[in-house]
Amino acid sequence: MEKYNRKPLKAFGQILSFQNYEKVAESNKWEFKSKLVFSKKITESNDYCSVAQNVKDAHICYIDSLDNDFIYYLHLLLDSVFGRLIVCDNTVSNGKINGLTSIKTLKEFPVAVVPSDIQNAASKLDQTIGYILEIFKEEEDIQFIESARSFMFELRDDFVLEIYANELFEANGIDIVNSFVSIIKDSEDTDLKALAPKILDSVTNPDSALLSNMRRLRVLIGNIVHNLEQ
């Protein structure tokens, strides 16, 4: 995988406080356009960032004139562990991510400029994460819901990490991004209701190339941590 250029988020759209958004939204006909909305506090567990049209409860919002794939791609980046650490200015308290969202930090967030197939796959992954959990809530299987949540969050974080640290992945023969892109390309389903179970199967099937690459990454990270502790 090639190394991707990075541009600050402010190069793609506008990052506004809620008050400033209200002043200009109506004249720009933004009410019905998908936006990224941010709450004030960031932790590992809260939904500090989401895709929405309504910004009523937002602390900050981001809006652009690009297509929906891009907004969901951005959400995947920003909602990952990597994204939270960057937006938090690497503020970690007791081993946990804990910080505040600021316009200044969001404006400078380094967005990796990736090809359209990776952007599309990232968009599908981001939309599927929430959708899969909704599907299985109906089953009332709490253990399975938590397992699915864990797998999907792990895939999201691995996917984003490879985009930003692709040289490390290449050097160790780990290819999560292209494995996932292939799953999206090979699927004839575009509707999330049909696509979501296939994506979940790709991270839980023992014979999956994607799962194999994710496991190899866990081993690599474990080895790195072990060497650092020596």
Side-chain angles (χ1 to χ4, degrees), residues 4-89 91 97 99-134 152-153 156-157 159-160 163-164 184 190-193 195-196 199:
Y4 302 118
N5 292 328
R6 301 176 190 177
K7 294 182 179 181
L9 183 59
K10 64 184 178 183
F12 299 95
Q14 296 192 55
I15 299 100
L16 303 164
S17 67
F18 172 63
Q19 291 79 7
N20 285 338
Y21 171 83
E22 282 195 312
K23 292 177 183 178
V24 296
E26 186 174 350
S27 61
N28 286 282
K29 299 180 180 179
W30 286 346
E31 290 90 341
F32 301 106
K33 184 167 179 56
S34 293
K35 297 168 277 289
L36 286 175
V37 296
F38 300 88
S39 59
K40 189 171 185 178
K41 293 184 179 180
I42 306 170
T43 69
E44 288 182 48
S45 58
N46 76 326
D47 296 325
Y48 89 101
C49 172
S50 60
V51 177
Q53 292 179 351
N54 185 2
V55 299
K56 182 178 179 180
D57 298 321
H59 170 55
I60 299 168
C61 74
Y62 163 87
I63 189 164
D64 60 40
S65 58
L66 303 174
D67 59 37
N68 275 346
D69 269 354
F70 187 70
I71 207 82
Y72 284 106
Y73 168 64
L74 286 179
H75 183 250
L76 189 81
L77 300 183
L78 287 158
D79 206 32
S80 69
V81 169
F82 173 85
R84 289 170 188 251
L85 284 171
I86 296 298
V87 175
C88 271
D89 287 330
T91 301
I97 299 171
L100 300 175
T101 316
S102 73
I103 290 179
K104 179 181 178 181
T105 306
L106 285 172
K107 283 185 174 181
E108 298 304 323
F109 181 85
V111 178
V113 182
V114 299
S116 58
D117 59 342
I118 294 179
Q119 184 175 294
N120 175 260
S123 172
K124 292 291 192 301
L125 173 56
D126 187 68
Q127 294 177 72
T128 301
I129 287 173
Y131 189 77
I132 282 177
L133 299 181
E134 289 301 317
M152 295 307 297
F153 285 178
R156 175 200 62 195
D157 293 340
F159 190 100
V160 173
I163 287 175
Y164 284 89
I184 299 301
T190 56
D191 181 71
L192 285 181
K193 185 175 182 179
L195 185 60
I199 292 177

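It should be emphasised that the depicted structure is a prediction, and the values quoted were computed from it without experimental measurement. Reckoned from all heavy atoms, side chains included, excluding hydrogens, waters and symmetry mates.
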Inter-residue atom distance [X].[atom1] - [Y].[atom2], 0.5 Å rounding:
X: Leu77; Y: Asp126; atom1: CG; atom2: CG; result: 9.0 Å
X: Tyr72; Y: Ser34; atom1: OH; atom2: OG; result: 5.0 Å
X: Asp64; Y: Lys35; atom1: CG; atom2: NZ; result: 10.5 Å
X: Ile15; Y: Asn20; atom1: CD1; atom2: CG; result: 12.5 Å
X: Lys124; Y: Ile184; atom1: NZ; atom2: CD1; result: 7.0 Å
X: Leu100; Y: Cys88; atom1: CG; atom2: SG; result: 7.5 Å

How close do [X] and [Y] get, counting heavy atoms only, and between which atoms?
X: Ser102; Y: Ile60; value: C-CD1, 3.7 Å
X: Asp47; Y: Ser39; value: O-OG, 4.2 Å
X: Cys61; Y: Val55; value: CB-CG1, 4.1 Å
X: Ile86; Y: Thr105; value: O-CG2, 3.5 Å
X: Val37; Y: Ala52; value: CG2-CB, 4.2 Å

Heavy-atom check, side chain of [X] versus side chain of [Y], under 4.5 Å:
X: Lys107; Y: Pro8; result: no
X: Leu76; Y: Leu125; result: yes
X: Lys10; Y: Glu108; result: yes
X: Tyr73; Y: Val114; result: yes

| side chain to side chain contact (heavy atoms under 4.5 Å, CB included), paired with Tyr62, selected from Ile103, Leu106, Leu36 | Leu36

| message | One pair to check against side chain to side chain contact (heavy atoms under 4.5 Å, CB included): Leu195 and Tyr131. What are the steps and the verdict? | response | CA-CA 10 Å; Leu195 185 60; Tyr131 189 77; over 6 Å; no

For the pair [X] (side chain) and [Y] (backbone), establish whether a donor and an acceptor sit closer than 3.5 Å, ignoring hydrogens and angles.
X: Ser80; Y: Asp157; value: no
X: Asp67; Y: Asp69; value: yes
X: His59; Y: Ser17; value: no
X: Tyr164; Y: Pro110; value: yes

| task | Test Tyr4 against Ile118 for side chain to side chain contact (heavy atoms under 4.5 Å, CB included), laying out the working first. | result | CA-CA 12 Å; Tyr4 302 118; Ile118 294 179; 3.1 Å; yes

| field | Donor-acceptor pair between Gln127 and Ser123 side chains, under 3.5 angstrom | value | yes

| message | If you apply the rule side chain to side chain contact (heavy atoms under 4.5 Å, CB included), what do you find for Val81 with Phe153, and how did you get there? | response | CA-CA 9 Å; Val81 169; Phe153 285 178; over 6 Å; no

| Test log, rule side chain to side chain contact (heavy atoms under 4.5 Å, CB included), inputs Trp30 and Leu16 | CA-CA 13 Å; Trp30 286 346; Leu16 303 164; 3.6 Å; yes

| Mind checking whether Phe38 and Tyr48 have parallel, tilted or perpendicular rings, split at 30° and 60°? | tilted

| Where does the angle between the aromatic ring planes of Phe70 and Phe12 fall among parallel (under 30°), tilted (30 to 60°) and perpendicular (over 60°)? | tilted

| query | Taking the six-membered ring of Phe159, is NZ or CZ of Arg156 closer than 6.0 Å to its centre and within 45° of its axis? | reply | no

| message | Can you confirm whether more than 12 heavy atoms, excluding those of Lys33, are under 6.0 Å from its NZ atom? | response | yes

